[in-house]
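A note on names: the letters A, B, ... follow the listed sequences, proteins ahead of strands, and every chain is numbered from 1.
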Amino acid sequence: MSKQIRQLDRVVIRFAGDSGDGMQLTGDRFTSETAQLGNDISTLPNFPAEIRAPAGTLPGVSSFQVHFADYDILTPGDAPNVLVAMNPAALKANLADLPRGADIIVNTDEFTKRNLSKVGYQVNPLDDDTLAGYAVHPVALTSMTIGALADQDVSKKDAERAKNMFALGLLSWMYSRPYESTLRFLERKFARRPELVAANVAAFRAGWNFGETTEDFAVRYEVKPAKMPPGTYRNITGNAALSLGLVAAGVRSGLPVFLGAYPITPASDILHELSKHKKFGVLTMQAEDEIAAVGAALGASYGGALGITTTSGPGVALKSETISLAVALELPLLIVDVQRAGPSTGMPTKTEQADLNLALNGRHGEAPVAVIAPKSPADCFYAALEAARIALTYRTPVILLSDNYVANGSEPWLLPDVNSLPDLRVEFATAPNGEDGSTFLPYLRDPETLARPWAIPGTPGLEHRIGGLEKADKTGDISYDPANHDFMVRTRAARIETIPVPDVEVEDPDGDARVLVLGWGSTYGPIGAACRGLRQRGLSVAQAHLRHLAPMPANLGTVLRSYDRVVIPEMNLGQLAHVIRAKYLVDAIGYNQVRGLPFTAAELETMLEEVLKNV
Amino acid sequence: MSKQIRQLDRVVIRFAGDSGDGMQLTGDRFTSETAQLGNDISTLPNFPAEIRAPAGTLPGVSSFQVHFADYDILTPGDAPNVLVAMNPAALKANLADLPRGADIIVNTDEFTKRNLSKVGYQVNPLDDDTLAGYAVHPVALTSMTIGALADQDVSKKDAERAKNMFALGLLSWMYSRPYESTLRFLERKFARRPELVAANVAAFRAGWNFGETTEDFAVRYEVKPAKMPPGTYRNITGNAALSLGLVAAGVRSGLPVFLGAYPITPASDILHELSKHKKFGVLTMQAEDEIAAVGAALGASYGGALGITTTSGPGVALKSETISLAVALELPLLIVDVQRAGPSTGMPTKTEQADLNLALNGRHGEAPVAVIAPKSPADCFYAALEAARIALTYRTPVILLSDNYVANGSEPWLLPDVNSLPDLRVEFATAPNGEDGSTFLPYLRDPETLARPWAIPGTPGLEHRIGGLEKADKTGDISYDPANHDFMVRTRAARIETIPVPDVEVEDPDGDARVLVLGWGSTYGPIGAACRGLRQRGLSVAQAHLRHLAPMPANLGTVLRSYDRVVIPEMNLGQLAHVIRAKYLVDAIGYNQVRGLPFTAAELETMLEEVLKNV
Amino acid sequence: MSEPISLKLTAKDFKSDQEVRWCPGCGDYAILAAVQGFMPELNIPRERIVFISGIGCSSRFPYYMNTYGMHSIHGRAPAIATGLSATRPDLSVWVVTGDGDALSIGGNHLIHALRRNVNLKILLFNNRIYGLTKGQYSPTSEVGKITKSTPVGSADAPFNPLSLALGAEATFVARTIDSDRKHLQSVLRAAAEHEGSAFVEIYQNCNIFNDGAFDPLKEHGIRDDYLIRLEHGQPITFGKDGQFCVVHPPGGFGLEVRETAATRPEEIVVHDANVTDPAYAFALSRLPGLDLRNTPIGVFRAVERPSYENVVRAQLDAARAEVTETPEQQLAGLLSSGDTWTIL
Amino acid sequence: MSEPISLKLTAKDFKSDQEVRWCPGCGDYAILAAVQGFMPELNIPRERIVFISGIGCSSRFPYYMNTYGMHSIHGRAPAIATGLSATRPDLSVWVVTGDGDALSIGGNHLIHALRRNVNLKILLFNNRIYGLTKGQYSPTSEVGKITKSTPVGSADAPFNPLSLALGAEATFVARTIDSDRKHLQSVLRAAAEHEGSAFVEIYQNCNIFNDGAFDPLKEHGIRDDYLIRLEHGQPITFGKDGQFCVVHPPGGFGLEVRETAATRPEEIVVHDANVTDPAYAFALSRLPGLDLRNTPIGVFRAVERPSYENVVRAQLDAARAEVTETPEQQLAGLLSSGDTWTIL
Ligand SMILES: Cc1ncc(C[n+]2csc(CCOP(=O)(O)OP(=O)(O)O)c2C)c(N)n1
Ligand SMILES: Cc1ncc(C[n+]2csc(CCOP(=O)(O)OP(=O)(O)O)c2C)c(N)n1
Ligand code: SF4
Ligand code: SF4
Ligand SMILES: [Mg+2]
Ligand SMILES: [Mg+2]
């Protein structure tokens, strides 16, 4: 029975279920199939804070949203077109996000009295008018899976656990996804238990066939490949891209990479990933705490490695004293902050951009560092390389501000040609640099970069001592001289201020925009999507996005002043806006939300429309 | 032989010698005598960084400057009129600060070949023209002291060590100081060794008599008492005043005071002082580190004490994560930062104002706290009380930004009537506050202060749990609700922003000033003195000084906008200026020096004159 | 003091209204139940009991206790609890922590609380893994442990938490296990009675990331041959049939396990938790092998030393004993101490 | 490896051009001289030696050594040195720290470095006081110590640094004293030869804030009766005339001092620094009384365990052994691993 096929340009699907239901895996697989097909993709996982909250409860709901399209897209989508709800909790937790008319596929087997009451449904929402206005597809997912595996050599429990593959099969059918990679994946995953390979494959096929057969799904959809630049792609999360960027920085600099880290959500995955790459000479150390982690990284840098530490907000706070030492020592050091919602422990699995202040100013004394932020998952790769470049060239700590949204979200990444990546080679000092030809002056600077020589232990003739006390210019000896201190403080500031960074680019296709939207970090996607939306409706708006927060691009002041209005959406209470106002005396207005969630394109579009009306 | 007496309105004397020479004590005593006489006073000690650097070297020089006058003064003086130099190092280290014509009293006994060469004098500066233009008084201080004590029952070493009293006697004579308090002091100090009382008194008298007799000192000076408001005064340093303010806060709140501290220059003296006041119920704990210190203070606050922690910049950096927890817990907590020159270890015995950024922004997430700064040594007392008031009333961490200059400087303090000090009593929660009359809502706020109830352990019926995870409004239960987080973040910000603080006052006696000088913290004295200087020369300038850095006074914007030019002198690279520009979009210009030293009034005067010319 | 009236509390009184959110099967549930079951014995009103924790799965504990409680930040609970306990000696203060929380980031506060002998009952839930951050190795994980952060095995030797505590001058050191409620409660009882810091290691199963870590100590048929139950004043024998015993070989400093049958009774070590010299408890702490054989549980050490609060409160009391003035008078006196002068 | 050629360095080669700025008479001078005098023995070129310190008077040390050096921040030297040592096993890395630096703020890094057995030689200058901040008590100050921050006496029991190190799984633990250059150097020698962390406590006089703290161990005529000089393989006797000896009373776990004359030779403990069980060294560490009587100096413990760097470097080497591609090729392979697709 062949069904009607309808073409769509984009779809947003959200898989939601209990933490134990394997929704992240299901989403991942669907994403992979979709990627194979050549759609552009953007994904957003949403984990519960608990490791495994009680089954069937609201806090236990785990979801994965994937947005795919036949054109290039910028966000994982504001609102799902399709919700797969594996239990009542998943339905309840996600319903509010669905626009009327959306498809809802529910696993009816889980809509038992007990499960319903766990989430406070007095009446089964499948029976009353809770879902009026939605296209509800009740599917007995669990029992059909068990039924399909009746003759397989697996326990009932294992059979039941394969229900996510049934769901995946069904969705893959609905959206005409190629599923070979999933079958291969299952073979790899369960390599040691062939009976599970068979069971999961059977469940997948059962789901696919169910779509093919049942009357309920009358239509099948197709989303054509997006027109994307030629090349080889993979789908990648921000944390994975960032890790690869760090490995690449090691390769391109020729330096050993040392990561000192203490686990913390959502940064731990970088530690996990890097600890797999020993064959690149990457040494990872799980330290006793964040202070030790950054200390060890600094020690490694001192010895000539690329010293890195990865953490989230609370960890950056703890590292602050040591970063201040690194400022005084003028050694390369990379601090990765994958931001999460604060203050204090806050909402550790939610996103936020509220560590910008901390990155820019969170040290005692005048202790400037460079700060940069990636704008998308794949961009994390390049941001890591850029951060390493600055750290190595200018001998300075660099803080890289990622966040939970880019870290766990994913998008297709056009793999770069390795040899085209920036050359990060550095020169260690090898000989005395004093005028007399025999003295070594550890604080004699390169006139261009203001960087001091990196003379690593083991280099004969350059023995010297450095430390956190104020140092005399050139010699580096301890100095309490007032004029020297003033000079050194200003030099350290200049060292950061004068790092050449690319000009900020403005996207203003109509060329007549009077309003500029300025963003930084992970808001790039939603802002971009909102601007597109406005433009499609004939409105002009300009977009600029800051990758470099310290120093800022040289042309930024000019850019800002050429618009009647500057709007800065941030997932904080206006931290970038504050800096922009102070530096450029531009009356930038903030649009701020601190909800632990990325902006939706729609809300930004509405907000900007309002702004446009009033200029 | 009676000498000519000349009247002066002000004098600046600097006592300088080796660390072992007792210069701090000498300066202290001279200050006390001067205070007794009713002069206004301001002092500035200057310690070496080393505990006891090698005798006779430049790094070993210790000095104490005292400025006294027959009118009210604001600074310890830009340049000494008199230098007492106990050895060649003291002469060399201080000479550059002396204006031509100044008196220099040198201890010739120490100008030996060995001592001269230690500091790089090839030729004895007493013999060449190094001191041309100064009024040099060579005095064989050591040998005359030893001679004077020949018939005393003390060792030669003890006799020699009394030479500072000889110097003090001489200076006391020169400036006609009443010396009874010094004699009493010596009796107290050496109570257990009467022979040393006798020796030191004899040395003092010998110095006095030497002044009386020798031809070299033809003139004796008098500085009349200053016209100061009636009352009882004492001379007090900032650290001492701050400590007393904390004790007073305990008395006036009726709460036990708990200080958790880890020693650090220049804050340790507060720990030392408070640990003496056990009879006030003040409990001090020297913790294992700064994190433990603030943690213990927070634990004490949780239990209903006034929890305090005292430190300097590096310590604040370490405490940052815990302060963020205190923000989330909404408990009173006082963090005293006696700023020193950074970054890193910097110049620990030198002053700076570069922790403002850290205080305002140095935490992860949106974690606002109140920040206040004292403007003078005696003002530390009131600033401590004000900080405690805000912490207790608004249940918030408060950072008090003192600095090395006010902390170790001193001035006369008109003792307040204890009963006129602010009433800091607080009410603990004692009963359920829920609408049902039986629930306790730990995050239900006082509508006026936005403070939550302080329900301390031990209170029956109010058992509840708090923590660093985001809390639901009112109930305080863990919440991951996006809207709640946004609400709580904004509420915490509003809680600080809406604390009522006094309007900033502008001093503009001429009423027609077009330039406003804005300062904060310890720059008050030099800015004030510079403004006076300008006004005396017929120029108009307005001065405003911020005690409250967060929140800022409500009238500040209006004040700033009513001047053509706003100048902000700071001992940092422009941290307050940055905030002012961002908040008020006023093109404030910074005048910045980071020399580890306070501004001199003269340089500010010169700078302001330049500004006035160009408005 | 005469025998206090019983408050007649029950385990239920100690259950808060918060839904417990550990993974199904987690050992923390059993510990929670044991603690809630034990609390009434303290006969202390709920409002005078405080649980303070750091961060970790285990550190969620305070939310589930219907007492006062604080879920603080990672590693800092002992420091926070020290400030509370020092200022409020009337409270019963309990610290709940994990192997990462207490021994990794919080190691310094732990050892300092112990040497100070602050009156804290410290319950360290040792699951030899980082649970909350999803399974990295911890300072108690065995060498070579393969985890997310150590894909080819960890390189560092673990701490023995009891040895560390003893090296840090702890006055009370004990070990117990999540699965044995009676034993757990007996150790809590001893801890509660101790003046000063009581350090209790509780072996806890993390069935998600380190399942079965302590299985030999729990499985019927095996556990009795693995576990050494220490009883003060009793010869140390163990095994299903008491077939093993602990001896102190002459000349040596450590302890060894022997067959009871082949050992003279007077050779068997009689457990004495009260010996001043920590060397004995230290030797006991070294007994278990990597395979968990010969794991002593119970109170290793319980010696008297004044608690930190007792000393500092005594100092305060001594200082205040002389005070006759009102605080305001005292303050006026303090402000005007030293050299003053008066302008009329 | 054949015997390396001698570099013919002298103490003078290890003196930097910086003026030494401790208080006249400070014990740090003697330690500096002893270390500078010992360094040539290492026969390691100066450029491969690194001294890393924290903050404190003692931590000024690196400035005076003509090697590589870092004066870091308070308490963090072991952490920084760990990163350096792990990435640069070719260096000889020394940590200089004080009792406050190592045991107060830096306690956690210290114990973790020890358990990891990082190849660091850690010299703890113990003057039982905070020197640099002008005289507050430290974690090794005796109970009741009167200092600026404890005007009526400190309340907390001190750490015994050696017990703490042993509780933290240290593989090498020793004690020496500033005034005995020969002994100090012998301990440095043993430390240098050890693979992994060597923890050396050096009693140091602070003549300004805690003068005479170790006088009984230094004064002619008394010191020999107070100091126990440990020699591996030798029976432990001491006293001017060897009149005292150390025995291990049967049944007990601790050590005791007896009159040699009244003791059978076989009862005298023969010092063995190499026993695996730390219980012996722990017992030794408990020997001294508050009055410093019976203070062992020398190497308490020196046992073999692979150093942290050896384990992690081996892991790296194993991973790299298979690599045949250039780094760029490897990287290209890594980037394109996993599911990829190609758009033409
Ligand atoms: C400053 C800081 N660093 C890191 C973390 C992340 N973190 C939370 S709990 C934890 C370790 C938990 O392990 P453990 O203490 O053993 O507790 P368990 O979850 O096993 O009970 C870590 C690393 C954090 N919350 N805060
Ligand atoms: C983060 C930080 N906290 C506090 C200090 C102040 N401080 C410097 S050294 C020191 C203690 C020194 O004692 P110790 O380690 O025993 O060294 P010593 O001076 O006795 O050799 C302290 C508290 C600091 N420099 N940094
Ligand atoms: S992860 Fe482990 S320790 Fe944490 S709740 Fe789950 S089972 Fe318990
Ligand atoms: S204060 Fe003490 S430790 Fe520091 S240099 Fe002086 S004598 Fe040495
Ligand atoms: Mg754990
Ligand atoms: Mg010390």
Side-chain angles (χ1 to χ4, degrees), chain A residues 32 35-36 38 181 225 228-235 244 247-248 251 254 256 258 260 277-281 283 285 287-289 291-293 295-305 307 321-322 325 329 415-416 418-419 457-469 477-478, chain D residues 16 18 45-53 55 62-63 65-88 90-91 108-109 111-112 312-313 315-316 318-320 322-323 327-332 334-344:
Chain A
S32 247
Q36 299 293 330
S181 71
M228 288 162 84
T232 302
Y233 287 79
R234 73 186 275 192
N235 193 53
L244 296 184
V247 174
V251 170
F258 176 89
H277 299 309
K278 297 199 167 36
K279 67 173 176 170
F280 286 89
L283 181 54
M285 172 184 171
E288 59 269 26
D289 62 19
I291 304 179
L298 182 60
S301 282
Y302 174 58
E321 196 209 359
T322 308
L325 172 65
L329 297 185
L415 297 183
V418 163
N419 292 306
T459 318
L462 304 193
E463 295 81 5
H464 66 285
R465 277 65 52 190
I466 55 177
L469 286 164
D477 290 344
I478 301 174
Chain D
S16 79
Q18 300 293 302
R46 287 188 296 122
E47 68 269 15
R48 289 214 280 114
I49 301 173
V50 186
F51 277 80
I52 299 193
S53 64
I55 300 285
Y63 288 119
M65 295 294 301
N66 195 5
T67 60
Y68 281 89
M70 188 195 294
H71 178 225
S72 75
I73 45 176
H74 200 29
R76 316 301 172 192
I80 294 170
T82 295
L84 177 64
S85 185
T87 46
R88 293 292 306 275
D90 57 315
L91 302 175
N108 207 32
H109 308 305
I111 60 178
H112 281 270
V312 297
R313 304 300 318 175
Q315 292 181 344
L316 286 191
R320 307 186 67 155
E322 308 147 21
V323 176
E328 262 77 10
Q329 287 169 330
Q330 259 184 285
L331 180 60
L334 174 64
L335 298 191
S336 60
S337 62
D339 288 343
T340 59
W341 68 97
T342 301
I343 292 177
L344 298 173

*For chain A, find which of D/Arg46, D/His112, D/Gln330 contributes the most heavy-atom pairs closer than 4.5 angstrom.*
D/Gln330

*Could you tell me which non-hydrogen atom of A/Thr459 sits nearest to which non-hydrogen atom of D/Tyr68, and how far apart they are?*
O-OH, 2.7 Å

*Could you give the distance from CZ (D/Arg76) to CD1 (A/Ile291), rounded to the nearest 0.5 Å?*
4.0 Å

*asked:* Between A/Ala305, A/Gly281, A/Ser181, who has the most heavy-atom pairs with chain D when the cutoff is under 4.5 Å?
replied: A/Gly281

*In terms of heavy-atom pairs under 4.5 Å with chain A, which of D/Ile111, D/Ile73, D/Asn66, D/Val50 leads?*
D/Ile73

*chain A contact via D/Asp90 - side chain, backbone, both or neither, heavy atoms under 4.5 Å*: neither

*Let me know if A/Thr322 has heavy atoms under 4.5 Å from chain D in its side chain, its backbone, both or neither.*
both

*asked:* Can you tell me which portion of A/Asp289 sits under 4.5 Å from chain D's heavy atoms? Options are side chain, backbone, both or neither.
replied: side chain

*asked:* Just so I understand: if I count every heavy-atom pair under 4.5 Å between each of A/Gly231, A/Ser32, A/Gly303 and chain D, which residue has the most?
replied: A/Gly231

*Between D/Ala86 and chain A, which part of the residue has a heavy atom less than 4.5 Å away: side chain, backbone, both or neither?*
both

*Looking just at side-chain N and O atoms, do D/Gln18 and A/Asp477 make a donor-acceptor pair shorter than 3.5 Å?*
yes

*asked:* Looking at every heavy atom in both D/Arg88 and A/Gly458, which two are closest together, and how far apart are they?
replied: NH2-CA, 4.0 Å

*Would you say D/Val312 and A/Lys278 make side-chain contact, with heavy atoms under 4.5 Å?*
no

_Which atoms of D/Gln329 are under 4.5 Å from chain A, going by heavy atoms: the side chain, the backbone, both sets, or neither?_
neither

_A/Pro457 side chain near A/Tyr302 side chain, heavy-atom distance below 4.5 Å_ = yes

*Which answer fits A/Ala248, side chain, backbone, both or neither, if we ask what part of it has an atom under 4.5 Å from a heavy atom of chain D?*
both

*Quick one: are A/Ile478 and D/Tyr63 in side-chain contact, heavy atoms under 4.5 Å?*
yes

*For the candidates A/Leu325, A/Leu329, A/Leu244, which exhibits the highest count of non-hydrogen atom pairs separated by less than 4.5 Å from chain D?*
A/Leu325

*Should D/Glu47 and A/Leu462 count as side-chain neighbours, where that means a heavy-atom distance under 4.5 Å?*
no

*Give a yes or no answer on whether the side chain of A/Arg234 reaches the backbone of D/Leu335 with a donor-acceptor pair at less than 3.5 Å.*
yes

*What part of D/Ser337 lies closer than 4.5 angstrom to a heavy atom of chain A: side chain, backbone, both or neither?*
both

*Select, from D/Thr87, D/Thr67, D/Asn108, the one with the greatest count of heavy-atom pairs under 4.5 Å involving chain A.*
D/Thr67

*Which answer fits D/Ala332, side chain, backbone, both or neither, if we ask what part of it has an atom under 4.5 Å from a heavy atom of chain A?*
both

*Return the option, out of A/Leu469, A/Leu298, A/Asn419, with the maximum number of heavy-atom pairs under 4.5 Å with chain D.*
A/Leu469

*Indicate the atoms forming the closest heavy-atom contact of D/Ile52 with D/Ala81, along with that distance.*
CD1-CA, 4.0 Å

*If you tally heavy-atom pairs under 4.5 Å against chain D, which of A/Gly467, A/Pro460, A/Ala292 wins?*
A/Pro460

_chain A contact via D/Leu331 - which portion, at a heavy-atom distance below 4.5 Å_ = both

*Check the pair A/Leu283 / D/Gln315 against side chain to side chain contact (heavy atoms under 4.5 Å, CB included), numbers first and verdict last.*
CA-CA 9 Å; A/Leu283 181 54; D/Gln315 292 181 344; over 6 Å; no

*Can you measure from OG (D/Ser53) to CD1 (D/Ile80) and round to the nearest 0.5 angstrom?*
9.0 Å

*Among D/Gly69, D/Ser72, D/Gly75, which has the most heavy-atom pairs under 4.5 Å with chain A?*
D/Gly69

*asked:* Heavy-atom cut-off 4.5 Å, strictly under: side chain, backbone, both or neither for A/Ile466 against chain D?
replied: both

*Of the listed residues (D/His74, D/Arg313, D/Arg48, D/Met65), which shares the most heavy-atom pairs with chain A below a 4.5 Å separation?*
D/Met65

_Options A/Pro225, A/Gly295, A/Ala287, ranked by heavy-atom pairs under 4.5 Å with chain D, top entry_ = A/Gly295

